[in-house]
Amino acid sequence: MTNQEIAKVLYEIGEYLEMQGVVFKPRAYEKVAETIESLQEEVADIYRRGGLKAIEDISGVGVSIAEKIEELIKTGKLKYYEDLKKKTPVDLSSLTQVQGLGPRKIKALYQKLKIRNLADLEKAAKAGKIARLEGFGPKSEENILKGLKFVKSSGGRFALGSVLPDILAIRDKLKKLEEVKRIEMAGSVRRRKETVGDADLLVISDKPKPVMDYFVSLPEAARVLAHGETKSAITLKNGMNVDVRVVPEESYGAALSYFTGSKDHNVMLRQIAIKKGYTLNEYGLFRGKAGAKGRLVAGRSEEEIYKALDMSYIEPEMREMRGEIELAQKNKLPKLISYGDLKGDLQIQTSWTDGDNSLEEMMNAAIKNGLKYIAITDHTKRLAMARGLDEKRIIQQMKEIDELNKRLKMRGARFTILKGTECDILQDGSLDLPDRILAKLDVVGVSVHSLFNLSRREQTERIKKAMRNPNVDILFHPTGRLIQRREPYDADMDEIIKTASETGTILEINGSPDRLDLKDEYIKKCVEAGVKMTIDSDAHNIPHMGVAVYGVAQARRGWATKNDIINAWPVEKMLSFLKK
DNA sequence: GCCGTTTTCGGCCCGACTGTTTTCAGTCG
């Protein structure tokens, strides 16, 4: 049993208890689920190593939950959970995806209308049955239908961050086989699209049979869809398909290009090939017309193919038909920011508010990760659920940072902790901390955490007003969207980008895989408008710091260079760029 | 159900919003 699977059971137990009106226990289960989800070591391994005692050492886990986890690991099942499920047999994980539906309403819908899943829900809502229920009304029904539409439109795809680690793990397992000469990811995963439908792995091998046999027998495979010598496919437990294709060495580049896409990009490449008297397909670039079996001109590598078509190599993240081909033909492609270019992280939360690790622990982890600076940006008091900082506490925190910086200096460490905040933007665009405090901070980030449904005009003005504050450096997660879970709030992004340009405000690319906010198209607009950005992890614990790479991927999809991203710069240069 | 250099019992991040009500339950962050 994987950590994800254990976490899912614990989350659902919490929700079932919530249904019954049990207090406090749901939060206990939810907390443990969160912890296990972001744990780096597998709980099953921890159990194997140290038994029940070792599981109890996980924070938030006591005797009772430890025993439940033990039962899950040993038997793959949990009687307590099965019993709860029997009482209210509903498809919790999909129903809770509908905005506004929580455990209590799901229970009511089940008891009164026998609604068990999304299909039942849609039928009842369309028949007008929900509006007539006590505690519901026409507005609830309308919202449910809207929520259903959103769930459906994101259906069948997976957030990149939720599947990339699994795909990389499978790739690495196959890579270890001696029969595998070369292996690479293709498809939208290679382009680092924010959501992906399935994953393709391309392999060069002289002996494909043992490779394929091994692949379809992986423990990750919930179902084998195909098992051949050139193509095999499995379905993972989360429902995503992974394909492996074995291709000849001389066609590897052509196949990689073909399977990486995007489709539109490839169609354009083929048209260019035809104009030059070639044919391009997944086996290579050939002289002459299709089917004529002409001489192979290129195919071994993608570089070779692009070169033969008289254009420079195009990074996978750019292959979306947004003008990259024209630039490649003129040899004018931007040099994208690289995955190792970040020198700092300008959004980090600590245990001062809703983070799991102390300020010092986050500092040490950042040093270990090779960063040169971080900004501590805990929440402010308006966000009561996160125990947001008020004036008094943030002044205390500044003192702690001064102390730590002093110690770093004595140690001779070349690392800086910057004083910062993630300050709430209030309804009228004013801020949750007074200007005299903000003026003392190195990095002031602001964000919207409330009133997501203001009118477009009000929301835009609210954000613009905050950006005009001379103390405000960065607008964090500018659109507020959560991938596949929540639409962005209604605000005019073109106007916000314009205001950023006028005021010198930095816009954030939040790397958290469920946010990726800004998304690629807005990043591209910022690049074009000369608006600078920062790529942050928004980490609430140490493992989470690694998610900044998803932000880099998104930045590359938006054509950002090192020059566009201020935390790819040395700390002095970065600070001197912020508002004075 | 968990936790304790304030506690082994009595607390548990809590305020705002929505849609339903006519004073509040449920959801969200």
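The sequence lines fix the lettering, A, B, ..., with proteins before strands; numbering per chain opens at 1.
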Fill in the blank from the handout: 5' to 3', nucleotides 23-29 of chain B under a 4.0 Å protein heavy-atom cut-off (B base, S sugar-phosphate only, - none) gives ---SSSB
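The list of salt bridge (Lys or Arg N to Asp or Glu O under 4.0 Å) pairs with a residue in residues 422-451 of chain A, not counting sequence neighbours, reads Lys381(A)-Asp432(A), Glu391(A)-Arg436(A). Residue pairs meeting the side chain to side chain donor-acceptor pair (under 3.5 Å) criterion with at least one member in residues 113-122 of chain A, sequence neighbours excluded: Glu122(A)-Lys126(A), Glu122(A)-Lys152(A). Listed by first and then second residue, the salt bridge (Lys or Arg N to Asp or Glu O under 4.0 Å) pairs that reach into residues 54-67 of chain A are Lys53(A)-Glu56(A), sequence neighbours excluded.
With both ends at atom C1', the span from dT5(B) to dG1(B) equals 24 Å, rounded to whole Å. The same atom, P, is picked in dC12(B) and in dG19(B); the two are 30 Å apart, to the nearest Å.
Remark: Glu37(A) engages no residue in a salt bridge (Lys or Arg N to Asp or Glu O under 4.0 Å) (not counting sequence neighbours). For Asp490(A), the salt bridge (Lys or Arg N to Asp or Glu O under 4.0 Å) criterion is met by Arg456(A), not counting sequence neighbours. Residues satisfying the salt bridge (Lys or Arg N to Asp or Glu O under 4.0 Å) test with Lys68(A), not counting sequence neighbours, are none.
Here Asn143(A) does not reach the OP1 or OP2 of dT18(B): none of its side-chain N or O atoms lies under 4.0 Å away. Put simply, Ser64(A) has a side-chain N or O that comes within less than 4.0 Å of OP1 or OP2 on dG1(B).
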Pairs under 3.5 angstrom, nitrogen or oxygen only, protein versus nucleotides 3-9 of chain B, please.
from	atom 1	to	atom 2	distance (Å)
dC3(B)	OP1	Gly60(A)	N	3.0

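Pair check for dC12(B) finds dG1(B); Watson-Crick or G-U wobble, both atom distances under 3.5 Å.
Between the NZ atom of Lys25(A) and the P atom of dC12(B) there is a distance of 18 Å, given to the nearest Å. Atom CZ in Arg393(A) sits roughly 10 Å away from atom C1' in dC13(B) (whole-Å rounding).
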Which pairs of donor and acceptor atoms, one on a side chain in residues 14-22 of chain A, lie under 3.5 Å apart (sequence neighbours left out)?
none

